[in-house]
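Structure first, then comments.
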Amino acid sequence: MIRDLILKNRSYRRFYQEVPVKLETLKELVDLARLSASAANRQPLKYILSCEPEKNALIFPCLRWAGYIKDWRGPAEGERPSAYIIVLGDTKISPSFLCDHGIAAQSILLGATERGLGGCILAAVNRTKLRKVLNIPPHYEILLVLALGKPKEKVALETVGPSGDIKYWRDKDEVHHVPKRALSDIIIG
Ligand SMILES: Cc1cc2nc3c(=O)[nH]c(=O)nc-3n(C[C@H](O)[C@H](O)[C@H](O)COP(=O)(O)O)c2cc1C
């Protein structure tokens with residue numbers, strides 16, 4: 001089951017924008033992160049939730065989508081995320097966050113996948129702009145933005161070919177292809 005969930009939990013970048021994600025759902029997803037591992041159990045992560053069109057519209061211009069797909073500037077109006085979870089690190093609790101935010105992001109996205117939703121982790125964020133538009137106090141480090149919604153795209157996993165190219169790409173039918181390294185190439189001892 002966990003393998004099925006992980007296979008389904010792809011990075012989705014186009015959504016049915018008209019399908020809302022409830023605030024209650026976002027809270028349930030953050031609760032999964034709350035229950036996840038944290039270095040030294042310091043639990044320094046804090047979250048900002050957004051599921052209203054007006055707030056979403058402030059967040060969207062701060063994000064950079066799919067860097068390898070050069071002729072695409074991100075989802076068009078109508079295909080944008082219905083919700084976001086912004087993952088912050090509270091520097092009053094800890095000066096560093098190690099991989100807490102990665103673990104939190106995965107817990108949240110697996111929970112979203114289980115609920116028929118999908119999303120994308122975004123680290124390519126204009127943090128100065130996001131801090132300004134949402135009035136995020138300076139003692140919170142902006143770590144990740146998680147985009148969420150009902151996925152509107154097909155993602156196909158494939159094995160990295162002999163060229164070793166790991167860049168994801170999109171075919172003429174807009175299927176998003178993601179090369180993954182073979183198991184035999186990553187277990188080195
Ligand atoms: C830490 C991290 C940061 C990422 N940042 C971005 C980003 O800024 N923009 C984006 O479109 N995708 C981003 N992604 C998504 C990756 O591109 C994606 O995970 C990768 O292409 C593999 O696809 P998959 O998640 O479907 O396996 C990020 C993923 C991770 C784990």
Side-chain angles (χ1 to χ4, degrees), residues 2-15 17 29 32-33 36-39 44-45 47-48 50 56 58-77 79-89 96-131 133-134 141-161 163-171 173-183 185-186:
I2 188 67
R3 187 180 168 84
D4 292 340
L5 204 55
I6 286 173
L7 280 172
K8 214 172 150 196
N9 176 32
R10 306 275 45 94
S11 292
Y12 295 104
R13 299 181 178 86
R14 289 184 295 139
F15 304 89
Q17 192 174 336
L29 295 176
L32 299 176
S36 299
S38 169
L45 303 183
Y47 301 87
I48 292 174
S50 175
N56 289 349
L58 294 175
I59 298 169
F60 180 80
C62 303
L63 308 176
R64 293 252 312 277
W65 297 83
Y68 290 144
I69 301 176
K70 295 294 176 206
D71 55 351
W72 191 65
R73 304 196 58 101
E77 185 63 44
E79 296 190 333
R80 292 181 180 168
S82 320
Y84 296 95
I85 295 176
I86 301 172
V87 186
L88 306 170
S96 65
F97 309 102
L98 297 149
C99 53
D100 278 25
H101 42 302
I103 293 169
Q106 183 75 348
S107 295
I108 288 170
L109 287 170
L110 288 173
T113 304
E114 191 188 40
R115 284 163 176 76
L117 299 170
C120 188
I121 299 172
L122 293 112
V125 177
N126 183 334
R127 289 172 170 78
T128 308
K129 190 169 172 178
L130 186 62
R131 187 179 293 287
V133 292
L134 293 185
E141 192 175 317
I142 300 171
L143 298 171
L144 294 170
V145 175
L146 310 180
L148 293 161
K150 183 169 185 269
K152 197 184 181 179
E153 65 183 354
K154 278 214 176 91
V155 178
L157 293 186
E158 50 201 41
T159 305
V160 170
S163 72
D165 191 357
I166 46 69
K167 291 190 190 77
Y168 49 76
W169 56 284
R170 213 169 271 176
D171 68 23
D173 299 318
E174 302 221 300
V175 175
H176 183 88
H177 295 258
V178 182
K180 293 287 183 189
R181 296 190 202 281
L183 193 57
D185 289 337
I186 62 170

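When reading the values below, keep in mind they use all heavy atoms of this one structure, side chains included, and skip hydrogens, waters and symmetry mates. Note that this is a predicted model, so its numbers are computed, not measured. Whatever order the structure lists them in is the order used to number ligands and atoms, beginning at 1.
Annotation for Arg115: atom CZ counts as buried by contact number, over 12 foreign heavy atoms lying within 6.0 Å.
With sequence neighbours left out, Trp169 forms a ring-ring contact (aromatic ring centres under 6.0 Å, His included) with His177.
Between the Arg127 side chain and the Leu143 main chain, a donor and an acceptor come within less than 3.5 Å of each other. The closest donor-acceptor contact from the side chain of Asp171 to the backbone of Asp173 lies under 3.5 Å.
Between Arg14 and Glu174 there is a salt bridge, with a side-chain nitrogen of the basic residue lying less than 4.0 Å from a carboxylate oxygen of the acidic one.
A cation-pi arrangement, defined by a distance under 6.0 Å to the six-membered ring centre and an angle within 45 degrees of its axis, is absent between Arg73 and Trp65.
When heavy-atom distances to ligand 1 are checked against 4.0 Å, the residues falling inside are Arg10, Ser11, Arg13, Arg64, Trp65, Ala66, Cys120, Ile121, Leu122, Ala123, Ala124, Tyr168, Val178, Lys180, ordered by chain and number.
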